[in-house]
Chemist: 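I'd like to ask some things about the structure below.
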Amino acid sequence: MKSFIKILVGSPWLLAMNLSVAQADIYAYNDSIVSGWSDWSWDTTTLVTNDTLLKKSGTASAHVNIAKAWNGFALHWDTGGVNLSSLSALKFDINPGGNVAKVAALSVTLQNDTGLSNAAKLSAFATPPLAANTWSSITIPVSSLGGLALVNRLNLQDGLGQGGVIFNVDNVVLVSAALAGGCQALAVDSGAANAGKPINGFLNDQYTWSDSACKPRNVALALNDASKGGNAKQFTYTLPNGTIRTVNPSSNGAAGFGYVVAHLSNPSFAAAYGKDDSPLGSGSGATSNKLFVGNHHAIHEYTLNYVRYGLTQAALTNLSIEPWTWIYGPADPNRQYVTVYNMPVRIHWMLATGRNYPVWSVTFDLSQIPNHAVDSDFRAPYGDMNVEGGTGADVVGGVGWGDKYVFASAGKPFTMNNAWDYSQLNQGAPYDYLWTSSTDAEMGLAGTQLIANQNAGGYNNYQAQVWRGKTSANMGQLCINDQGAGPGYNHKMPCTSDWAYQLVQYSVANAAQTTSNKRLAWGADWGSLGNGSFIGINGYGVHGWPKVSYSTYIVLDPHSAKPTQAIAKQAKTISLTSLTTSIGTVRTKGVAGVGRSDNQTYSPVGYSPIYGTWELDAANNNVLLYFGVSNTAPTTLDMPIIVAHNYTLVTPPVQITLDGVALVADTDYFVSVRPAQSELWVTLNKKLAGKHSIQISN
């Protein structure tokens with residue numbers, strides 16, 4: 001019988017363990033108990049067998065039967081040990097069969113040969129929550145398993161003392177915090193008992209990842225509660241001088257970032273029901289899910305419903321009223337032609353080591369709404385943050401955007417009488433941004449595709465042709481009596497309704513006023529939600545029905561680095577990059593957006609705009625691929641993310657090379673394995689120009 005605490009007094013291994021350093025993730029169970037580990041479950045009535053019929057991935061899982069009360073499943077590392085400080089988490093997959101209550105109460109601990117760690121209740125860390133005959137992923141941060149300096153054993157103990165605890169467990173791994181000298185692994189802090197970490201009045205999942213300089217960044221993504229959630233409540237990033245800039249929500253009603261807002265072209269349709277046509281999505285109930293948390297990549301998901309108002313099918317069929325007919329309240333006889341529609345929304349935040357900026361991806365599902373029934377723009381992601389990292393008092397220094405043309409204001413601080421330039425065509429992705437006047441800080445949004453392929457810019461923008469291709473020097477003070485505010489609002493900047501995106505134009509009331517409001521939003525013209533096919537303000541074909549999907553980077557960095565414009569240029573470089581393989585196969589198409597099953601054709605071949613990734617299929621878990629970056633590209637291809645499908649291992653590759661030279665894990669590249677989807681995610685921590693080969697070998 002194996003004892004619960006095995007003491008090896010004077011063991012040479014125990015004396016040497018102080019020198020042990022974690023150099024990679026440490027697998028304890030992977031299709032079988034890994035060599036160097038042994039079954040120390042207690043007592044002899046606890047049976048652990050390989051189950052080849054029920055497994056999360058690979059060929060088998062461990063079937064565990066803890067027959068007696070208070071006994072447990074344990075794995076012991078016989079030939080090694082690890083400093084707890086070099087680990088980020090204990091991770092495994094579990095299927096409770098029909099024993100949900102007993103498995104939920106399992107007590108999880110780490111151990112060395114002299115003592116136990118703090119205990120964690122398994123159910124508090126299950127994603128999705130434990131359910132009968134369903135696999136859940138368990139990720140327990142080492143902060144919840146503290147109390148020891150060194151560990152060489154893990155335990156799952158019967159926490160109810162009832163015995164008869166039967167379950168299957170798979171992919172048991174001690175997750176490394178970092179390789180020596182490398183970037184720290186991505187981590188998520190969900191607070192006590194996985195209930196959310198309190199930040200700025202909300203409970204959050206706080207993700208921390210390493211950026212392109214191996215410096216920590218984080219985002220706090222609010223859970224849905226009585227105060228609502230579904231968006232970011234804090235960002236942090238590290239400045240070049242090593243200080244941390246913390247970006248908190250503003251104090252106004254639009255505080256937070258990354259929620260949904262969309263405006264109807266006819267707001268009276270909503271007003272006739274006593275509702276706002278463009279409510280802030282931060283007030284909507286949203287479900288939150290840690291969809292994927294790998295060593296270096298993560299996807300966080302929100303789902304919600306955003307109500308739209310539009311014409312009934314009968315009104316469309318019979319041409320009962322024009323879409324712009326004003327409805328004068330609930331008693332108006334024309335109200336019968338207007339109805340309420342649900343529009344489910346799915347949002348993903350994707351974070352990756354080596355990348356500075358989260359990717360925010362959305363799908364609006366209008367499939368329950370007839371074509372042309374709704375006429376709406378979109379302005380998501382939307383919000384208001386203290387971009388300078390202070391109290392929000394710093395005034396806006398300037399604004400800029402890219403739709404079909406590139407716009408930037410000149411001089412600071414920003415006023416509606418500033419000079420501007422809107423004369424050059426946009427060669428990259430759509431984007432918009434603002435910067436602060438006294439602090440070197442910028443916040444912006446940039447698409448993952450060229451403007452010709454991504455509908456953005458031109459919300460409410462009926463007069464774009466008046467301003468595009470011009471400068472303030474040759475336009476003068478063209479906007480007269482803007483918004484009916486009188487002569488005090490004659491100014492040089494384009495009229496408020498003619499901006500390509502909603503920024504701070506509604507935050508000033510005269511031509512000389514400055515503003516500390518830092519509203520930032522995305523946008524596209526009317527019909528972008530609801531119209532099956534039309535030519536948008538940028539002159540490209542748009543499909544606004546039955547589903548609409550797009551993605552943007554959320555940019556936070558010093559303004560002096562021109563970060564938003566730089567990431568927008570990546571779209572042009574990507575369009576001039578080829579991906580080929582001699583081992584494995586490049587994917588030519590993939591899903592059209594988050595939460596969708598229909599496909600889009602990739603352009604260029606292999607490039608998915610959903611998360612900005614390069615997609616291919618592995619051959620027997622090996623890949624040899626080739627990037628070719630044209631010498632006409634405006635910049636290098638920076639930190640490309642490769643997603644290899646049909647990757648059936650639960651362990652990282654044995655080796656990755658660039659042009660035949662072996663790369664160093666967690667320094668030259670960052671890997672996450674996603675076994676449930678048979679995916680390998682690799683961020684190459686390089687900036688590529690010309691032609692290069694990358695080999696992924698097992």
Chemist: Can you confirm whether the side chains of N621 and N698 place a donor and an acceptor under 3.5 Å from each other?
Modeler: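 Their side chains do not contain a donor-acceptor pair, so the 3.5 Å distance test is not met.
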Chemist: When you compare the side chains of E615 and T613, does any donor N or O come within less than 3.5 Å of an acceptor on the partner?
Modeler: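 Distance-only check passes for E615 and T613.
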Chemist: Are D113 and H76 side-chain neighbours, meaning at least one heavy-atom pair lies under 4.5 Å?
Modeler: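 Contact flag for D113/H76 side chains = yes.
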Chemist: Assess whether side chain to side chain donor-acceptor pair (under 3.5 Å) is satisfied between Y29 and N50, documenting all intermediate values.
Modeler: CA-CA 10 Å; Y29 185 95; N50 268 13; 2.8 Å; yes
Chemist: Does F292 have R674 sitting over its ring (NZ/CZ under 6.0 Å from centre, angle to axis within 45°)?
Modeler: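 Judged by the rule, R674 and F292 form a cation-pi pair.
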Chemist: How long is the span from the CG atom in N200 to the OG1 atom in T246, to the nearest 0.5 Å?
Modeler: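 One gets 9.5 Å once the value is rounded to the nearest 0.5 Å.
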Chemist: Decide yes or no for M639 and S212: does some side-chain heavy atom of the first lie under 4.5 Å from some side-chain heavy atom of the second?
Modeler: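 Counting from C-beta outward, M639 and S212 do come under 4.5 Å.
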Chemist: Over 60° means perpendicular and under 30° means parallel, so tell me whether F364 and Y550 are parallel, tilted or perpendicular.
Modeler: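 Plane angle between 30° and 60°, so tilted.
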Chemist: Nearest 0.5 Å please: distance from the CD1 atom of I244 over to the CZ atom of R217.
Modeler: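 It comes to 10.0 Å.
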Chemist: Do Q234 and N218 make a side-chain contact, defined as non-hydrogen atoms from C-beta onward lying under 4.5 Å apart?
Modeler: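 SC-SC contact between Q234 and N218 confirmed.
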Chemist: Is L291 close to Y302 at the side-chain level, that is, under 4.5 Å between some pair of heavy atoms?
Modeler: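 In short, these two side chains do not touch, never coming nearer than 4.5 Å.
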Chemist: Have S41 and T46 got a donor and an acceptor in their side chains that come within less than 3.5 Å?
Modeler: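 Judged by distance alone, the side chains do not pair up.
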Chemist: With a 3.5 Å distance limit and no angle check, can you tell me whether D189 reaches the backbone of G191 through a side-chain donor-acceptor pair?
Modeler: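 Pair found, side chain donor or acceptor close to backbone of G191.
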Chemist: Minimum heavy-atom separation for T363 to G593, with atom names?
Modeler: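 The pair with the smallest heavy-atom distance is OG1-C, 3.7 Å.
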Chemist: Are T683 and H297 close enough that a side-chain donor and a side-chain acceptor fall under 3.5 Å?
Modeler: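 Present: a donor and an acceptor within the cut-off.
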Chemist: Can you name the closest pair of heavy atoms from W209 and V219 and give their distance?
Modeler: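 Shortest heavy-atom separation between W209 and V219 comes out as CZ3-N, 3.8 Å.
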Chemist: So which of D51, N168, T52, D170 actually passes side chain to side chain donor-acceptor pair (under 3.5 Å) with S61?
Modeler: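 Exactly one candidate clears the test, N168.
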Chemist: Examine distances only and state if a side-chain atom of N152 and a backbone atom of L150 form a donor-acceptor pair shorter than 3.5 Å.
Modeler: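 Between the backbone of L150 and the side chain of N152 there is no qualifying donor-acceptor contact (under 3.5 Å).
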Chemist: Is there side-chain contact between N71 and T45, with at least one heavy-atom pair below 4.5 Å?
Modeler: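 Of all side-chain heavy-atom pairs linking T45 with N71, at least one is under 4.5 Å.
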Chemist: Give a yes-or-no answer on whether the side chains of N646 and D617 include a donor-acceptor pair shorter than 3.5 Å.
Modeler: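 Yes, side-chain donor-acceptor contact under 3.5 Å.
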Chemist: Is I554 close to Y357 at the side-chain level, that is, under 4.5 Å between some pair of heavy atoms?
Modeler: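 Heavy-atom side-chain distance check fails, nothing below 4.5 Å.
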Chemist: Going by salt bridge (Lys or Arg N to Asp or Glu O under 4.0 Å), name the pairs with one or both residues in residues 285-301, residues two or more places apart or in two chains.
Modeler: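 As it turns out, the salt bridge (Lys or Arg N to Asp or Glu O under 4.0 Å) pairs with a partner in residues 285-301, which skip direct neighbours, are D205-K290, E301-R346.
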Chemist: Atom OG in S210, atom CG in N356: separation rounded to 0.5 Å?
Modeler: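 One finds 11.0 Å between OG of S210 and CG of N356.
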Chemist: Checking side chain to side chain contact (heavy atoms under 4.5 Å, CB included) for the pair N118/T109: CA distance, chi angles, key distance, verdict?
Modeler: CA-CA 6 Å; N118 298 330; T109 55; over 6 Å; no
Chemist: Would you say N685's side chain and T667's backbone share a donor-acceptor pair under 3.5 angstrom?
Modeler: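 Yes; at least one donor-acceptor contact below 3.5 Å.
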Chemist: Aromatic rings F235 and W349: how do their planes relate, parallel, tilted or perpendicular, breaks at 30° and 60°?
Modeler: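 Because their plane-to-plane angle lies in the 30° to 60° range, the rings of F235 and W349 count as tilted.
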Chemist: Please list, chain by chain and in numerical order, all residues satisfying side chain to side chain contact (heavy atoms under 4.5 Å, CB included) with P141, sequence neighbours excluded.
Modeler: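 By the side chain to side chain contact (heavy atoms under 4.5 Å, CB included) rule, P141 matches F125, S143, S144.
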Chemist: Where the side chain of Q157 meets the backbone of W70, is there a donor-acceptor pair that is under 3.5 Å apart?
Modeler: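 Here the side-chain-to-backbone pair exists.
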Chemist: Would you call the rings of F670 and H296 parallel, tilted or perpendicular, taking 30° and 60° as the class edges?
Modeler: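 F670 vs H296 ring planes: tilted.
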Chemist: Calculate, to the nearest 0.5 Å, the distance between atoms CG and CD belonging to N342 and Q368 respectively.
Modeler: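 Reported value, rounded in 0.5 Å steps: 5.5 Å.
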Chemist: Would you say that D93 contacts N171 through its side chain, given a criterion of any heavy-atom pair below 4.5 Å between the two side chains?
Modeler: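 Yes, their side chains come closer than 4.5 Å.
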Chemist: Any non-hydrogen side-chain atom of L174 less than 4.5 Å from a side-chain atom of Y27?
Modeler: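 With C-beta onward as the side chain, the pair stays apart.
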